[in-house]
Amino acid sequence: MASYSRLQALSLETFRSGFNLENFIDCLYREVLSESEVDENVATRVRGPSPTVRSKEALDKVRKLLDHFKRCEFQMRSMHETVTSQLETARASKESEQEEFKGVVGVVEQEMERLREQFKNLDKKMGNFGRTNARVGERLKRSSDRQERARDALELIEYMQAFSFAQGSGNFDTLPDIFLNPHRLPEAAAVSQRLLLVSSDLRTAKQRVGIDGGGALTLGSIDYAVARLEEYANDLENRVVMRFDGAASIGDTTAMGECAHIMAELNREMTLAQRYISTRPMFLDAKEIRLGETTPWQSSMVATRDLQALYREILAIVKHEAQIIEVVFPSSYRAMQIFLQRVMEQRVRSALDRILVSPKGQSADPAELRSYIRLVAEVYEKTHTLAVNLERVTKDQLDLLDLADSLFTDYLADYPEIELEWMSGMYERQESNDDEGGLNLDIVSVLTEWNKEAIGRCKTLTPHDQLAHRQRQLFHSSTFYHANLGCLLEQIARHTMRGLETARDLSELGSTFGITSASLGDLSAKSIASASDNLISHGIGHVLKSVSISSQIVHDLERYTKGVVMPLVSTSVAESAACDSGLSALVLAVETRVLENLNHALKMFFNQVAKVLVVEQKKNEFRPSGGIAFAIDQPTTACRIICAMLDSLRRAAQSNLDGTNLSSFLDEVGCQAHECLANHLTRFSFSPSGALKLKRDMAEFVDTTRRFSSVTVNQLFESLQQLVNVFIVAPESLLGLVDGTLRISHKDAMRYVQQREDFKTARVEGRTLAQLFTSDIKGFD
């Protein structure tokens with residue numbers, strides 16, 4: 001057995017990284033048991049010893065392991081004490097090093113703080129040094145400026161003294177060379193201008209202190225010097241102007257530029273520029289714009305063509321003159337500004353005044369007004385194009401668009417009223433020529449095109465800040481107290497209301513005629529259907545067609561408003577709301593009038609139905625007498641005519657209405673037809689055979705109304721068909737029919753039961769039919 005003190009399994013290397021419990025136990029087992037013991041164990045297992053031997057051997061092994069583990073525990077405790085001691089030593093060493101490091105860090109921080117203070121002081125000294133340098137520089141500059149001003153003042157005093165002793169008017173020979181040398185004229189002009197400014201200040205100072213400057217001028221005095229200075233400046237200006245005129249006449253731009261520079265020194269450059277501009281041929285020999293012998297709005301094509309030619313000529317001249325002005329004048333920007341302003345105000349305004357002659361008087365022809373405003377818009381665009389081209393000539397240094405707009409102030413003073421005026425006149429003319437007065441989509445399309453034309457010009461002729469307001473005026477200008485017939489909403493509203501009124505009148509006129517067997521002659525189905533179609537087309541058909549057209553008008557107007565008008569007024573909440581409210585008011589008015597017309601037309605139609613029932617329905621058809629027999633399998637003439645009328649009305653409705661409008665209308669027709677027929681049953685007495693004839697009529701009515709595709713109408717007519725059984729069944733079956741199948745009250749049933757032929761004679765269990773149904777009827781005799 002190996003020695004426990006030399007076991008490799010209990011070394012420190014075993015418990016370091018890579019420790020594995022299974023390997024540890026295996027190592028202990030191999031080191032504790034010798035190889036011989038292992039071999040003996042193996043041999044014993046081969047020989048198969050007795051159980052007692054095996055138990056003893058196992059017990060010995062356990063004791064050995066237990067003893068081994070006790071020694072392991074002792075060695076582990078020893079190792080733990082050793083490690084703990086080493087850790088304490090390392091911790092103490094670490095704490096000592098940390099204290100030492102903290103001390104070093106504290107020293108470093110103190111040194112850093114001291115360095116920061118030193119840098120701060122250095123920055124302060126550098127700032128003070130910089131400010132000192134700046135003050136010194138400023139003082140040096142002021143000193144230099146003062147010296148320069150002193151030299152200039154001394155020089156000016158010398159020049160002023162020279163003028164104070166210059167004798168003889170117009171004699172300047174005694175002046176310094178600067179005033180006599182032709183090559184130094186710009187310097188002379190600059191000095192003269194400075195002397196004039198000084199003299200002006202002197203005069204102001206003398207007036208302020210109350211020194212009188214009157215009396216004779218004395219040689220050598222300030223006043224004398226100022227007088228001779230002004231005389232010299234005037235003489236210099238005259239010489240420069242004469243020289244400039246001579247150079248301009250021969251096109252010598254170099255000499256002209258020299259003269260302009262001299263005048264600039266005298267602060268007279270713009271005077272010279274105005275003189276130059278006024279001598280340009282375009283302002284002296286302007287061509288007359290030919291308008292022809294007719295009125296301007298009739299010759300707009302000729303006028304605009306001549307205007308375009310004039311604008312091309314102006315642009316070419318301005319390009320040429322701009323090159324000269326840029327070379328000649330130091331302040332070419334200001335000179336071009338004066339030049340172009342005169343071009344616009346003289347040449348362009350003159351052309352506009354000759355072309356844009358507005359039609360006069362309150363009774364001006366709307367076509368002439370329309371042509372005039374078209375001409376204004378066309379001329380406006382061409383003038384704006386000219387202004388843009390002129391701006392490009394100046395490299396966009398000048399803004400001429402506002403100047404171009406100002407030229408049209410007088411012509412657009414009553415805009416957009418002139419647009420509303422011509423559209424109002426055109427509408428009145430169109431209305432007077434429309435004898436029928438009916439709804440017409442083509443007319444509405446024309447009205448919309450007029451408005452679209454007007455709003456297109458409005459976008460061109462209106463400033464951006466007023467665009468929404470004016471666009472709203474063209475679309476909706478009417479108020480509660482005043483209708484403006486020029487705006488689109490008023491025109492469409494008036495046309496639509498007039499068309500609806502015309503349709504109602506035509507419907508009333510057509511409804512005065514009816515269908516009778518006498519008027520038909522031929523009672524064939526084709527003849528009756530043709531007469532019904534004719535009756536509907538000349539009666540309620542007018543109203544249905546007007547409903548269809550008015551719906552299309554409203555739809556087109558809403559689409560036009562959303563797609564064209566609203567984007568133009570969207571910048572203003574108030575104007576957008578005004579357009580919306582105007583459109584809503586028109587739609588509501590149209591819907592109200594349409595509903596009134598439909599109700600009135602249906603009333604007239606069912607009056608015709610009632611007339612047919614009164615004229616064509618015979619009493620003996622439902623209560624034959626005297627041996628007269630009728631074919632039960634054929635409907636009555638009244639039924640055939642009414643079914644044909646209902647069928648024609650349905651087809652007319654389907655041709656002119658759609659969606660919920662169609663279904664609602666057919667529901668209303670079915671309900672009123674049901675009510676009319678239900679009341680009709682109470683006017684006749686029915687025998688059993690006559691009731692069968694009535695049942696055949698009801699089947700025809702049901703087939704006709706079923707084509708309405710209305711559940712409500714189908715239910716009403718099917719119940720009415722069931723009600724006919726009241727006239728057919730035996731008296732003893734009436735109560736079961738009323739309470740069971742029909743499910744109506746006895747009071748309602750009595751209205752029809754009393755129309756039975758046997759109402760007074762029939763008995764049920766000894767009671768009359770009246771007594772049979774008195775349970776729900778009070779006071780019935």
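Side-chain atoms are counted along with the backbone in the values below, which use heavy atoms only and exclude waters and symmetry mates.
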> L474 versus L488: any side-chain heavy-atom pair under 4.5 Å?
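Answer no - side chains too far apart.
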> From D658 CG over to S551 OG, what is the distance, rounded to the nearest 0.5 angstrom?
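If we round to the nearest 0.5 Å, D658:CG and S551:OG are 7.5 Å apart.
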> For S685 and E757, does a side-chain donor sit closer than 3.5 Å to a side-chain acceptor?
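There is no such pair between these side chains.
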> Do the side-chain N and O atoms of Q552 and D556 include a donor-acceptor pair separated by under 3.5 angstrom?
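Looking only at side-chain atoms, D556 and Q552 do form a donor-acceptor pair, the distance falling under 3.5 Å.
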> Does the side chain of V547 reach to within under 4.5 Å of the side chain of N656, using non-hydrogen atoms?
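A side-chain contact is absent here, since even the closest heavy-atom pair is not under 4.5 Å.
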> Given N725 and T741, is the side chain to side chain contact (heavy atoms under 4.5 Å, CB included) satisfied, shown in steps?
CA-CA 10 Å; N725 292 326; T741 304; 5.9 Å; no
> Kindly indicate, with the supporting measurements, whether the criterion side chain to side chain contact (heavy atoms under 4.5 Å, CB included) is fulfilled by F513 and H538.
CA-CA 9 Å; F513 306 98; H538 288 82; over 6 Å; no
> How about S710 and D667: does a side-chain donor come under 3.5 Å of a side-chain acceptor?
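Checked: S710/D667 side chains pair up, N/O donor to acceptor below 3.5 Å.
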> Where does the angle between the aromatic ring planes of F701 and F717 fall among parallel (under 30°), tilted (30 to 60°) and perpendicular (over 60°)?
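Taking F717 first and then F701, their aromatic rings sit tilted (interplane angle of 30° to 60°).
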> When rounded to the nearest 0.5 angstrom, what is the spacing between CD in E453 and SG in C458?
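E453 CD to C458 SG: 12.5 Å, rounded to 0.5 Å.
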> How long is the span from the CD atom in E575 to the CZ atom in R472, to the nearest 0.5 Å?
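It is 4.5 Å, given to the nearest 0.5 Å.
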> For the residue pair T704 / D647, report whether a side-chain donor-acceptor contact shorter than 3.5 Å exists.
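Looking only at side-chain atoms, T704 and D647 do not form any donor-acceptor pair under 3.5 Å.
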> Is E378 salt-bridged to R374, going by a charged N under 4.0 Å from an acidic O?
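So E378 does not pair with R374 through a salt bridge.
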> Are any side-chain N or O atoms of S537 and backbone N or O atoms of N534, one a donor and one an acceptor, separated by less than 3.5 Å?
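Flag set: sc S537 to bb N534 pair under 3.5 Å.
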> What pair of heavy atoms forms the shortest contact from A578 to H476, and how long is it?
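Smallest heavy-atom distance, with atoms named: O-CD2, 3.5 Å.
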> Considering only heavy atoms from C-beta outward, does the side chain of L666 approach that of V713 to under 4.5 Å?
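Heavy-atom side-chain distance check fails, nothing below 4.5 Å.
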> For a quick check under 3.5 Å, do Q617 and E621 share a side-chain donor-acceptor pair by atom type?
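Yes, because at least one side-chain N or O of Q617 sits under 3.5 Å from a partner of the opposite role on E621.
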> When you measure from the side chain of S546 to the backbone N and O of V543, does any donor-acceptor pair fall under 3.5 Å?
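Judged by distance alone, yes, a pair lies under 3.5 Å.
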> Could you go through E718 and Q722, starting from their C-alpha distance and side-chain angles, then the distance that decides it, and tell me whether this counts as side chain to side chain donor-acceptor pair (under 3.5 Å)?
CA-CA 6 Å; E718 288 172 359; Q722 292 292 331; over 6 Å; no
> Taking T768 for the side chain and R763 for the main chain, is one N or O donor matched with an acceptor at less than 3.5 Å?
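Checked: no pair found.
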> To the nearest 0.5 Å, how far apart are CE in M566 and CD in Q471?
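Result: 12.0 Å between the selected atoms.
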> Please name the residue in the list F759, F686, F684 that meets the ring-ring contact (aromatic ring centres under 6.0 Å, His included) test with F727.
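So the option named by the test is F686.
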> Between the side chain of T637 and the main-chain N/O of E616, is any donor-acceptor distance below 3.5 Å?
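Flag not set: sc T637 to bb E616 has no pair under 3.5 Å.
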> I'd like to know whether R593 forms a salt bridge (charged side-chain N to carboxylate O under 4.0 Å, His left out) with E596, so could you lay out the CA-CA distance, the side-chain angles of the two residues, the decisive distance to 0.1 Å, and finally the verdict.
CA-CA 5 Å; R593 180 61 62 87; E596 292 175 356; 3.8 Å; yes
> Answer whether the closest heavy-atom distance between the side chains of K619 and R683 falls below 4.5 Å.
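A side-chain contact under 4.5 Å is absent here.
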> Ignoring hydrogens and geometry, is there a side-chain-to-backbone donor-acceptor pair from T448 to V444 under 3.5 Å?
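Yes; at least one donor-acceptor contact below 3.5 Å.
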> Please report the C-alpha distance between T660 and S663 in whole Å, then the side-chain angles of each, then the deciding distance to 0.1 Å, and finally whether the side chain to side chain contact (heavy atoms under 4.5 Å, CB included) criterion is met.
CA-CA 5 Å; T660 57; S663 59; 4.3 Å; yes
> Are I540 and S511 close enough that some pair of their side-chain heavy atoms sits under 4.5 Å apart?
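Result no, sub-4.5 Å side-chain heavy-atom pair not found.
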> Which atoms form the tightest heavy-atom contact between E700 and C643, and what is the distance?
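Closest pair (atom of E700, atom of C643, distance): CG-SG, 3.6 Å.
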> Evaluate the side-chain proximity of H495 to N440: yes if any heavy-atom separation is below 4.5 Å, no if none is.
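In short, these two side chains touch, coming nearer than 4.5 Å.
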> Is the closest side-chain heavy-atom distance between R743 and D739 below 4.5 Å?
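Of all side-chain heavy-atom pairs linking D739 with R743, none is under 4.5 Å.
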> Are any of the side-chain heavy atoms of I515 and S532 separated by less than 4.5 Å?
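A side-chain contact exists here, since the closest heavy-atom pair is under 4.5 Å.
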> Do E419 and Y415 have a side chain donor and acceptor closer than 3.5 Å?
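Note: E419 and Y415 side chains meet the donor-acceptor criterion.
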> What is the distance from atom OG1 of T705 to atom CD of Q715, rounded to the nearest 0.5 Å?
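It comes to 12.0 Å.
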> Are any side-chain N or O atoms of Q755 and backbone N or O atoms of T682, one a donor and one an acceptor, separated by less than 3.5 Å?
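It does hold such a pair.
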> R640 side chain to I528 main-chain N or O, any donor-acceptor pair under 3.5 Å?
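Pair absent, no side-chain N/O of R640 close to backbone of I528.
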> Using a 3.5 Å distance criterion without hydrogens, assess whether the side chain of S572 forms a donor-acceptor pair with backbone atoms of V569.
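Not at all, since once roles are kept as given, no pair shorter than 3.5 Å links the two residues.
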> Keeping S664 on the side-chain end and N661 on the backbone end, is there a donor-acceptor pair under 3.5 Å?
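Here the side-chain-to-backbone pair does not exist.
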> Which label fits F475 and Y560: parallel for a plane angle under 30°, tilted from 30 to 60°, or perpendicular past 60°?
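Tilted.
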> For N599, give me all partners under side-chain contact (heavy atoms from CB on, under 4.5 Å), at least two apart in sequence or on another chain.
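Applying side-chain contact (heavy atoms from CB on, under 4.5 Å) to N599 gives L595.
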> Please determine whether a side-chain nitrogen of the Lys or Arg among R429 and D365 lies less than 4.0 Å from a carboxylate oxygen of the Asp or Glu.
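Yes, charged N to carboxylate O under 4.0 Å.
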> Can you tell me how far the OG1 atom of T571 sits from the CG atom of D465, to the nearest 0.5 Å?
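These two atoms lie 9.5 Å from each other.
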> Take E558 and K562 through the salt bridge (charged side-chain N to carboxylate O under 4.0 Å, His left out) test and state the conclusion after the steps.
CA-CA 6 Å; E558 289 176 338; K562 181 180 179 181; over 6 Å; no
> Does S570 reach the main-chain N or O of P567 with its side chain, forming a donor-acceptor pair under 3.5 Å?
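Present.
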> Can you find a side-chain donor-acceptor pair between R651 and S648 that sits under 3.5 Å?
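Short answer, yes.
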> Are Y427 and E431 close enough, and set up right, to give a side chain to side chain contact (heavy atoms under 4.5 Å, CB included), and what steps lead you there?
CA-CA 6 Å; Y427 178 80; E431 190 177 54; 3.4 Å; yes
